[in-house]
Structure formats: structure tokens, C-alpha cells
There are 2 protein chains.
Amino acid sequence: MTRFLGTHVNRLDRKGRVSVPAPFRAELTRAESDELIFVPSHREACIEAYTSRAFDDLVEKLENFDEFSEEREDFAATLYADAHPMRPDSEGRIMMPEALIAHAGLQESVAFIGMGKKFQIWDPEAARQRNSQARARVGEKGLTLPGRGPARPEGGA
Amino acid sequence: MTRFLGTHVNRLDRKGRVSVPAPFRAELTRAESDELIFVPSHREACIEAYTSRAFDDLVEKLENFDEFSEEREDFAATLYADAHPMRPDSEGRIMMPEALIAHAGLQESVAFIGMGKKFQIWDPEAARQRNSQARARVGEKGLTLPGRGPARPEGGA
DNA sequence: GGACCGTTCATGGGATAACATGGAGACTAC
DNA sequence: GTAGTCTCCATGTTATCCCATGAACGGTCC
């Protein structure tokens, strides 16, 4: 399983290129496919980056819907239409599509943020804000990971 | 498996020709058949484009319907009668049939929209509207989308 | 401990190939 | 003939490849 970890900030040059961080490239090598699928996040001002395999997993849910059903068509459009398949060049760089630059509000620097089997791409300042907010939420709610047995009588049950 | 991704807008010249986007052509090469079947969508103002194989799969599903059901007859009529087999020329272009241009309301620009094993052809503006509507519908139904699951904020995994 | 060296990375710029697009004929069918 | 296609060629634009530079890091040897 691929595992993207850590935060790496690289420069977006005037041609729209940016180096994929070396550790992330190493993960791609390990996954035996250097293809990446970029999708604009629909919840936040960032780009979600999936390996070819992770994207397939995402798409698998499609098969649960009937051919030509509205649900399936909607789902497919949402998933596929804005997806950008990317492949790092010989230098390990990728060309950022204009639409994604706009969506994430990228300027001269971009932050690559490991999220395990995928990673995200942010404007560094926006990422900082998001992270501190996320941290605060986790703290005040005392979140734990979904788990085995009913250890705590929390909300749901 | 073929995987058509992303949105590509190309020009329809006054002879009715339009370039199939290079990434889509590459998928055809990979599928070892450059044949495409165009069918007017029966639900929306767009054209459905299938690879030879994807069309076969569709036909096979049709065979599973009750032999004399009205549903089947209707489906068959829609699927076969209005189908246009296409093959990109040496430049990678196809001639858009008049009937399909009319059905999709195409003007000087056409959008190719990847939908996985098939793709769709739209007027760019109509496609934009459809996509935002699809996204809204998917959102309100709470279907899982790229990113995290619904209930929980920022899970680590 | 500290200076030296080699390697890996990120980054910049110029050359090259791929791509989308426009138009001129040649060919075919009616 | 004439209308509609198809093949071929030309062109501007854009992405990709290739090489060069310089900084950062790690290891080694004195």
C-alpha cells in the first residue's frame, strides 16, 4: 500500500510546472505506476491526488448503480469529468492544469500534503489555516477513530 | 480497461470535423481498436461514445432483458437504429454526423467528457450546467465522493 | 570535530516533438 | 456536374524532452 507522508513545499515555475516531492515519487515507483489522477476537491480549495489504483477503488462504487440510472450518470460525471491524469516528466515534474491552479488558488508555491493512500495540493498559506482549524476541531471534540466495540456511549448508538 | 478522463474542448470546423482529444485517442490505441460508436443520449442533449468493446457489453446487457418486453424493444431501437460507427482519420479527427450535431446542439466548440469506459460529447456550456447539477444531486443524496466519507471530519486514514 | 566530496533534488531555460486546426485538391456517388 | 468525403499538407501553439545550475544533505576521512 502506498503511503504518502509529510508536507513538502515546491515552486510552481512560470511554465506551470512543479516538482513532485522526491519521497512521493518514490512511493509511485514502489506502486509500479507513476500515473496520478488529480481531482479538484469539492469541499475545499485544494486538489486531491490519487494513484491509479486508489482512483480505481474510488470508481468501483460506480458499479453498484444500474447502467443509465441517473445516479450512475451523476456519479460518473462528478468523478470523471474534472479528473486530470498526470504523469511526471523525466525530471519528476508535472504540468499543473490551469483549471486546477485556479481551483486551489495556487501562486508561486504549492504544498504537497501526504494523506496516506492519496495526497493533497494546497496553497501553503491556505493549508496552514486548514490544518490549525482541523487540529482545533479534533482537540475540542476529542475525536477517536471509528472502531471496534461500543467503548463509549457517544452520540450514535 | 479503457479509462476516459477529463474534459477537453475542441473546435468543430465548418466541414463538420473535430479532433478527438489525444488522450482519448491514446486510450483507443491501448484498446487495440480505434472504432467508436456514437449514439445520441436518450436522456440528455449529448452524444454517448463507446469503444467497440464497451458497446458490445451494452448489447449483452440488452440480451438479458425479457425477449419481447416493450422495454427491450425500445432500448434496442434507441441503441441500434441511431448508432453511428466512427473511425478517426489520419489526423485523429472525426466527421460529426448532422443528426448528432443537431441532437447535442453543437456549435463551433464541442466538449469531450470522459466517463470511464465511455465518453460524452456536449456543447461546452450545456456540459457545464449538467456537471454542476450532477454534483449538486450527488451531494444532496450524500453519496460518497472523492475525499472522505460523509459523517466524519478529517479522518486520518 | 571539522573540512571535503559526492549524490540527490529542485529549478531554470532552450530545443524538439506533439497536437489542434485550417485549407487545398482528388476521389466518389448520385 | 455537383455535393459530400477523404487524403494530404501547412501552420501556430503548447507540452515534453534534454541539459545546465545551484542548493541541501549525508558520509567519509583526516
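The sequence lines fix the lettering, A, B, ..., with proteins before strands; numbering per chain opens at 1.
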Spacing of [X] atom [atom1] relative to [N] atom [atom2], expressed in whole Å:
{"X": "A/His8", "N": "C/dT11", "atom1": "NE2", "atom2": "P", "answer": "13 Å"}
{"X": "A/Asp89", "N": "C/dA15", "atom1": "CG", "atom2": "P", "answer": "18 Å"}
{"X": "A/Glu108", "N": "C/dT11", "atom1": "CD", "atom2": "C1'", "answer": "14 Å"}
{"X": "A/Met96", "N": "D/dT14", "atom1": "CE", "atom2": "C1'", "answer": "18 Å"}

Using a cut-off of strictly less than 4.0 Å between a heavy atom of the residue and any atom of DNA chain C, enumerate the qualifying residues of residues 109-120 of chain B by number.
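Output list: empty, so none.
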To the nearest 0.5 Å, what is the distance between [atom1] ([X]) and [atom2] ([Y])?
{"X": "A/Arg17", "Y": "A/Glu91", "atom1": "CZ", "atom2": "CD", "result": "8.0 Å"}
{"X": "A/Arg93", "Y": "A/Asp13", "atom1": "CZ", "atom2": "CG", "result": "6.0 Å"}
{"X": "B/Ile121", "Y": "B/His103", "atom1": "CD1", "atom2": "NE2", "result": "11.5 Å"}
{"X": "A/Thr7", "Y": "A/Ile113", "atom1": "OG1", "atom2": "CD1", "result": "4.5 Å"}

Once Watson-Crick and G-U wobble pairs under 3.5 Å are found, how is DNA chain C written in dot-bracket notation, 5' to 3', with | for any base paired to another strand?
||||||||||||||||||||||||||||||
Would you kindly say whether B/Gln107 and B/Glu125 are connected by a side-chain donor-acceptor distance under 3.5 Å?
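Distance-only check fails for B/Gln107 and B/Glu125.
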Answer with yes or no whether the side chains of A/Ser52 and B/Arg3 bring together a donor and an acceptor at under 3.5 Å.
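Looking only at side-chain atoms, A/Ser52 and B/Arg3 do form a donor-acceptor pair, the distance falling under 3.5 Å.
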Determine the minimum heavy-atom distance between A/Ala77 and B/Ala134, stating which atoms define it.
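Nearest pair, atom of A/Ala77 first, then B/Ala134: CB-CB, 4.3 Å.
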Taking only Lys NZ, Arg NE, NH1 and NH2, and the carboxylate oxygens of Asp or Glu, determine whether A/Glu27 and A/Arg53 approach each other closer than 4.0 Å.
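Here A/Glu27 does not pair with A/Arg53 in a salt bridge, since their nearest N and O are not under 4.0 Å apart.
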Looking at A/Asp82 and B/Arg135, is there a salt bridge between them, counting it only when a charged N and a carboxylate O are closer than 4.0 Å?
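Judged by the 4.0 Å cut-off on N to carboxylate O distance, B/Arg135 and A/Asp82 do form a salt bridge.
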Which of these passes ring pair (Phe, Tyr, Trp, His ring centres under 6.0 Å) with A/His8: A/Phe112, A/Phe24, A/Trp122?
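Per the ring pair (Phe, Tyr, Trp, His ring centres under 6.0 Å) rule, the option paired with A/His8 is A/Phe24, out of A/Phe112, A/Phe24, A/Trp122.
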Output one line per pair: protein atom, nucleotide atom from nucleotides 18-27 of chain C, and distance, for all N/O pairs under 3.5 Å.
unit_1 : atom_1 : unit_2  : atom_2 : d
C/dA20 : OP1    : B/Ala22 : N      : 3.0
C/dA20 : OP2    : B/Arg25 : NH1    : 2.6
C/dT21 : OP1    : B/Arg11 : N      : 3.2
C/dT21 : OP2    : B/Arg11 : N      : 3.0
C/dG22 : OP1    : B/Arg11 : NE     : 2.9
C/dG22 : N7     : B/Arg93 : NH1    : 3.0
C/dG22 : O6     : B/Arg93 : NH2    : 2.8
C/dG23 : OP2    : B/Arg14 : NH2    : 2.9
C/dG23 : N7     : B/Arg17 : NH2    : 3.0
C/dG23 : O6     : B/Arg17 : NH1    : 2.8
C/dA24 : N6     : B/Lys15 : NZ     : 2.9

